[in-house]
Amino acid sequence: MLCATRYAIPKLHRFLLPSSNLLAFMPYTNRTRLCLLHSQPLPSRDAYKFDNVEDVVALFNCMVDMHPQPLIVELTKILGTVVKMKYYATAIYLYTQMESKGILPFSVTLNVLINCYGHAGQMGFALSVMSKFVKWGFKPSVVTFTTIMKGLCLNGKILDALDIYDKIVAKGFWFDEVIYGTLINGLCKSGKTRVALQRLWKMEDGLLDDALDLYFNMLDRGISPDVVTYTSLIYGFCHVGQWKEARLLLNEIVVKDIGLDVYTFNIIIDALCKEKMLLQAHILCDVMILRG
DNA sequence: GTAGGGTTAG
C-alpha cells in the first residue's frame, strides 16, 4: 500500500518544506517520522524507488489521525501538493477522508477541491462544492469563480464559462490576467479564436479591429497580457493556420520583452511541424537551445 | 504566507 521508508523521510520533508514555512510544520515532523517508521516494515533495496505521491498520501493520513488535529491550513498545503502532481482523484479521496474524520475545510481547501473535480471531469460535484461555501460560512472568491470557469472550459462547456465570467463582473470583482487567460484559453481551445478576440474586446469596451489594437487597449487599461495570455492566443491562431496573426502576437511578446518560455516555443514548433515547415521549426529549436 | 490561467509527444 504505502512504501514509506526510513530513507523516504528526509526526501519527503525536503519536498514538503520548501520555504520559510518550516516552523509551521515543526510540531508534526517528529511524530510524522515515528508514524511512518512504525507503520511499515523496513525496506528492501528496491524500496528506494518509491512513488512520491504515496509518501505524500502517507503523510496526509498520519496527520489526519493526530491529536490534537493539525491545522487545516497545513492539510490544505498537502492537498495542494498532490494536486500539483496532477493526482486529482487522490486529492479528492484524501479530502473525503479528512472530512469524514470531522476536520472542517476552509475556503482555500474548497477551492482546491473544486479544481480537482474540474480536472476529474466531475463538474457536477465542483458546482456542489460551490454551495458548500455558503454552508460552511465562506464566500466564494474570484479564485473560486476562475477555478469553476477553468473546469467548465476543460469539460467543453465554454458557454457556461462565459456565464461565470458575467457573474464575476456582476459580483464586482476586478479583472485580472488569470481570468482573461482562463477564458481566452478556453475559447482558443474550442477553435473560436475570433470569438475570443471579440469577447476580449467587448470586455474593454472597444471596437474589434485587429489584435494589435486590442493589446494597446489592454495596456491602456492597466492590464497587460502576459506570456500565458499570448501563448493561448498564439495557440489558437496556429491551430487555424493564421500565421500572420500568430507572428504578429509573437512579435509583440518580443517587443514588450515578455520572456518566451517552453510552452510558447513548444506550441509554435508543434504547429510548424504539422505544417511541414521543418526548417523554421529547426531554427526555433536552435533558438531555444541558445537561450538555455 | 494557502487557492485560480498556457503546449506537444509517447
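Labels below follow one simple rule: chain letters A, B, ... track the order of the sequence lines, proteins then strands, and each chain is numbered from 1.
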- [ ] Round to the nearest Å and state the distance from Ile168(A) atom CD1 to dG5(B) atom P.
- [x] 13 Å
- [ ] State which of dG5(B), dG4(B), dT8(B) makes the closest approach to the side chain of Glu177(A).
- [x] dG5(B)
Task: Contact list for residues 273-289 of chain A, test side chain to side chain donor-acceptor pair (under 3.5 Å), sequence neighbours left out - done: Asp270(A)-Lys274(A)
Open item on the list: Could you tell me how far apart Ile253(A) (CD1) and dG6(B) (C1') are, to the nearest whole angstrom?
Closed with: 11 Å
Open item on the list: Checking Asp176(A) now: which residues fulfil side chain to side chain donor-acceptor pair (under 3.5 Å) with it, not counting sequence neighbours?
Closed with: none
Open item on the list: What is the distance, to the nearest angstrom, from the CD1 atom on Ile179(A) to the P atom on dG6(B)?
Closed with: 14 Å
TODO: Answer with base, sugar-phosphate or nothing: what part of the nucleic acid does Thr76(A) contact at a heavy-atom distance below 4.0 Å?
DONE: nothing
Task: Minimum-distance nucleotide to Ser141(A) side chain [options: dG4(B), dG5(B), dA3(B)] - done: dA3(B)
Open item on the list: Quick check: closest heavy atoms across Phe60(A) and Leu75(A), and the distance to 0.1 Å?
Closed with: CE1-O, 3.6 Å
- [ ] State which residues pass side chain to side chain donor-acceptor pair (under 3.5 Å) with Lys86(A); sequence neighbours excluded, sorted by chain then number.
- [x] none
Open item on the list: I need the full list of salt bridge (Lys or Arg N to Asp or Glu O under 4.0 Å) pairs touching residues 101-110 of chain A, with sequence neighbours left out, sorted by first then second residue.
Closed with: Asp65(A)-Lys101(A)
- [ ] Measure the distance from CD1 on Ile78(A) to C1' on dA3(B) and round it to the nearest whole Å.
- [x] 16 Å
Which side-chain N or O atoms in residues 132-149 of chain A pair as donor and acceptor under 3.5 Å with protein atoms at least two apart or in another chain?
from	atom 1	to	atom 2	distance (Å)
Lys132(A)	NZ	Glu99(A)	OE2	3.0
Ser141(A)	OG	Val143(A)	N	3.2
Ser141(A)	OG	Thr144(A)	N	3.4
Ser141(A)	OG	Thr144(A)	OG1	3.3
Thr144(A)	OG1	Asn111(A)	OD1	2.7
Thr144(A)	OG1	Ser141(A)	N	2.9
Thr146(A)	OG1	Val142(A)	O	2.6
Thr147(A)	OG1	Val143(A)	O	2.6

Task: Where at least one partner belongs to residues 117-126 of chain A, residue pairs that pass salt bridge (Lys or Arg N to Asp or Glu O under 4.0 Å), sequence neighbours excluded - done: none
Open item on the list: What is the separation between atom CE on Met63(A) and atom P on dT2(B), rounded to the nearest whole Å?
Closed with: 13 Å
Task: Among dG6(B), dT8(B), dG4(B), the nucleotide that comes nearest once only the side chain of Asn185(A) is considered - done: dG6(B)
Open item on the list: Does Phe145(A) reach a base, just sugar-phosphate, or nothing at all? Heavy atoms under 4.0 Å.
Closed with: nothing
Open item on the list: I need the CG-C1' distance between Asp270(A) and dG6(B), as an integer number of Å.
Closed with: 14 Å
Task: Closest to side chain of Thr229(A), choosing from dA3(B), dT8(B), dG5(B) - done: dG5(B)
Task: Short side-chain N/O contact to dT8(B) OP1/OP2 from Tyr235(A), under 4.0 Å - done: yes
TODO: Evaluate the criterion side-chain contact (heavy atoms from CB on, under 4.5 Å) for residue pair Thr81(A) and Val53(A); output intermediate values, then yes/no.
DONE: CA-CA 9 Å; Thr81(A) 305; Val53(A) 183; over 6 Å; no
Task: Positions of residues 272-292 of chain A (non-hydrogen atom under 4.0 Å from DNA chain B), listed by number - done: Lys274(A)
Hey, can you pull the donor-acceptor pairs under 3.5 Å for the side chains in residues 114-126 of chain A, sequence neighbours left out?
from	atom 1	to	atom 2	distance (Å)
Asn115(A)	OD1	His119(A)	NE2	3.4
His119(A)	ND1	Tyr88(A)	OH	3.4
His119(A)	NE2	Lys150(A)	NZ	3.4

Task: Which nucleotide in dG6(B), dT2(B), dG5(B) has an atom nearest any side-chain atom of Val227(A) - done: dG6(B)
Open item on the list: Whole angstroms only, please: what is the NZ-C1' distance between Lys84(A) and dG5(B)?
Closed with: 13 Å
- [ ] Could you list by number each residue of residues 110-122 of chain A showing a heavy-atom separation from DNA chain B of less than 4.0 Å, or answer none if no residue does?
- [x] Asn111(A), Val112(A), Asn115(A)
TODO: Could you check whether Thr264(A) gets within reach of a base, just the sugar-phosphate, or nothing at all, counting any heavy atom under 4.0 Å?
DONE: base
Open item on the list: Determine whether a donor-acceptor pair (N or O, by modelled atom type, separation under 3.5 Å) exists between the side chain of Asp163(A) and the backbone of Asp166(A).
Closed with: no
Open item on the list: For a quick test of reading the model: is some side-chain N or O of Lys150(A) closer than 4.0 Å to OP1 or OP2 of dG5(B)?
Closed with: yes
Task: base_contact_polar (dG6(B) base, Thr231(A) side chain, donor-acceptor, <3.5 Å) - done: yes
- [ ] Select base, sugar-phosphate, or nothing to describe what Thr146(A) touches, counting heavy atoms under 4.0 Å on all strands.
- [x] base
TODO: Could you tell me the separation between the CG atom of Leu71(A) and the P atom of dT2(B), rounded to a whole number of Å?
DONE: 12 Å
